[in-house]
There are 2 protein chains.
Amino acid sequence: MNLQSKKNKKELNPNVSVDCVIFGFDLDQLYVLLIDSGSTEAFSQARMAVPGDLIFDTENLDEAAIRVLRELTSIENIYLEQIGAFGDPNRIGKKDSDREWLEAIRAQPEARVITVAYYSLVRMPNFNPKASSFAKSAGWAPVKEVFDLAFDHYDILQAGLEQLRRKIKIQPIGFNLLPEKFTLSQLHKLYECILDKELDKRNFRRKILNLNILTNLDEKQIGVPHKPSQLFEFNEENYKKLSKEGFDNFGF
Amino acid sequence: MNLQSKKNKKELNPNVSVDCVIFGFDLDQLYVLLIDSGSTEAFSQARMAVPGDLIFDTENLDEAAIRVLRELTSIENIYLEQIGAFGDPNRIGKKDSDREWLEAIRAQPEARVITVAYYSLVRMPNFNPKASSFAKSAGWAPVKEVFDLAFDHYDILQAGLEQLRRKIKIQPIGFNLLPEKFTLSQLHKLYECILDKELDKRNFRRKILNLNILTNLDEKQIGVPHKPSQLFEFNEENYKKLSKEGFDNFGF
DNA sequence: GCAAAAGTGTTAACTGTACACCCATGA
DNA sequence: TCATGGGTGTACAGTTAACACTTTTGC
């Protein structure tokens, strides 16, 4: 649910929404982008939600998710994957703050709404919240510190996390969370954050390098108070070749 | 879309349906349950669809899928898993026969409908189509012989197949397609059919037995013109233990 | 020279894969 | 006695997992 005015809600399908779990990474921990209803209730996580909106009858589900992402981040070409549909009759409007929010943003706040959830991976520094529609209302929260959200969004977040964990083991999608140039240690840390467990440094490096999907840029970090690291970039060509041959497992 | 009369469609949500890809196995090949619109067009696969229906606003998505399954099979406790949501604006009504069908079954045949797809595994011999609502209209088709379906149901079938293939490698859900007592050869054949490739007999047996989720019933086949096989059953208790410890891979 | 992270190889255990013959039954 | 599918073990190759020290930089 975004915070557009009620006016043009007539064109929106009252029964179907999309919600986007947008993940970011600051080289230290995993974040999720949340919006705040700014409700009259005391500040709490129950006032926060992942961004989403009702769909237009003229767009498909992916397009609706892309629209929501664009409104928030003004980034195109974002990695996006469907999590699935959530449709409990009482999934929204269980709590008082949910109902207050719905009344503020929905032409038909009582309507039955099923939502199609997506997750998305973005480079946090490129993230540029549009002050107009989301001033003071959008921000990053460390995934580990989120314990509750509005509506059924906590369940959606957990489902997104699980799918990300499953997927990152068999496809190198993590690059979408890193800067274009990154070090193996940063990639290593990213995998540890997503999978929430330690991975052996030497084994990690060997496996990821053996996939031949990284290009060593022969550049070094500068200004770091320790041995500077080599910088790498993701090699999409080699990855496409690899995908066609098919590979099953990074083995983490 | 099932073939109920239009009468009680008012209670149905006009924008959201569920569709069920129901798989069966006859110890020789994999089947999918299709219904026939009985349209005036020449008989073709484009007239067939997987069963589905609009949802009621009082039920959740799983319940809607279970309702569709119950109407068709009168079996409870069916293995059921969500595939995902399909929502192209023109996903239904592309072909003339699609539109004819929609007009026959929908109170609002022009409505935008997104569908939540499920797949389900059933024991074919237990399948008992209800003559009342599906007389002559429901039947099993070998998955390998399906090349086209009404609406976007061919895409949904393929997505269901892919998910089944992914899932059967990491969870022993195949038992839902076999009789309660089965032989290792039958299980072996099932895996080969689903994955569409040959699997080494000795390696298959070793792996599946090492999971300790089968109970040898100390019973033999009777009346077979060859060495009779041991019969096994699925051991749910051991499986639950195993699931909790977590296992990643059957390794096929 | 010290703190901090980068970078590097080897071994042992395990897992997957390939492969061929004898067995029990009904006809 | 023959045809049919059931049932079994081993050896090799590849993969994973565990583990510790040296290097380069900024301060």
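Proteins come first, then strands; the chains are lettered A, B, ... in the order of their sequence lines, and each starts at number 1.
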Inset, instruction - Hey, which sits more toward the 5' end of DNA chain D by its nearest nucleotide, His226(B) or Gln230(B)? - result: His226(B)

Inset, instruction - Specify the closest pair of heavy atoms between Ala65(B) and Leu80(B), including all atoms of both residues, with the distance to one decimal. - result: CB-CD2, 3.9 Å

Inset, instruction - Please determine if a side-chain N or O atom of Ser229(B) lies less than 4.0 Å away from the OP1 or OP2 oxygen of dG7(D). - result: yes

Inset, instruction - Whole angstrom is fine here: how far is it from CD in Gln221(B) over to C1' in dC23(C)? - result: 15 Å

Inset, instruction - Please state whether the phosphate of dA18(D), meaning OP1 or OP2, lies under 4.0 angstrom from any side-chain nitrogen or oxygen of Lys201(A). - result: no

Inset, instruction - Establish whether the base of dA17(D) is bridged to the side chain of Arg202(A) by a donor-acceptor pair shorter than 3.5 Å. - result: no

Legend entry - Length of the line joining Arg206(B):CZ and dA11(D):C1', which is rounded to integer Å: 11 Å

Legend entry - N/O (side chain, Arg205(B)) to phosphate O (OP1/OP2, dG7(D)) under 4.0 Å: yes

Inset, instruction - Using atom CZ of Phe204(B) as one end and atom P of dT8(D) as the other, report the distance to the nearest whole Å. - result: 14 Å

Legend entry - Side-chain heavy atoms of Phe23(B) within contact of Asn176(B), under 4.5 Å: no

Inset, instruction - Examine Phe175(A) together with Phe182(A) and report whether their ring centres are nearer than 6.0 Å. - result: yes

Inset, instruction - Quick one: closest heavy-atom pair of Pro51(B) and Ile35(B), and the distance? - result: CA-CD1, 4.0 Å

Legend entry - Rounded distance in Å - CG (Asp200(B)) to C1' (dG9(D)): 12 Å

Legend entry - Rounded interatomic separation in angstrom, taking NZ from Lys227(A) and P from dT8(C): 7 Å

Inset, instruction - Would you please classify the geometry between the His188(A) ring and the Phe204(A) ring as parallel, tilted or perpendicular, with 30° and 60° separating the classes? - result: parallel

Inset, instruction - Nearest whole angstrom, please: distance from the P of dT8(D) to the CG of Asn203(B). - result: 14 Å

Legend entry - Atom-pair distance (CD1 on Ile208(B); P on dT8(D)), nearest Å: 15 Å

Inset, instruction - Using heavy atoms to find the nearest nucleotide of DNA chain C for Pro225(A) and Thr183(A) separately, return the residue whose nucleotide is more 5′. - result: Pro225(A)

Legend entry - Ser185(A) side chain near dA6(C) phosphate (N/O to OP1/OP2, under 4.0 Å): yes

Legend entry - Nucleotide dA6(C), atom C1' - distance to CG of Leu209(A) in whole Å: 13 Å

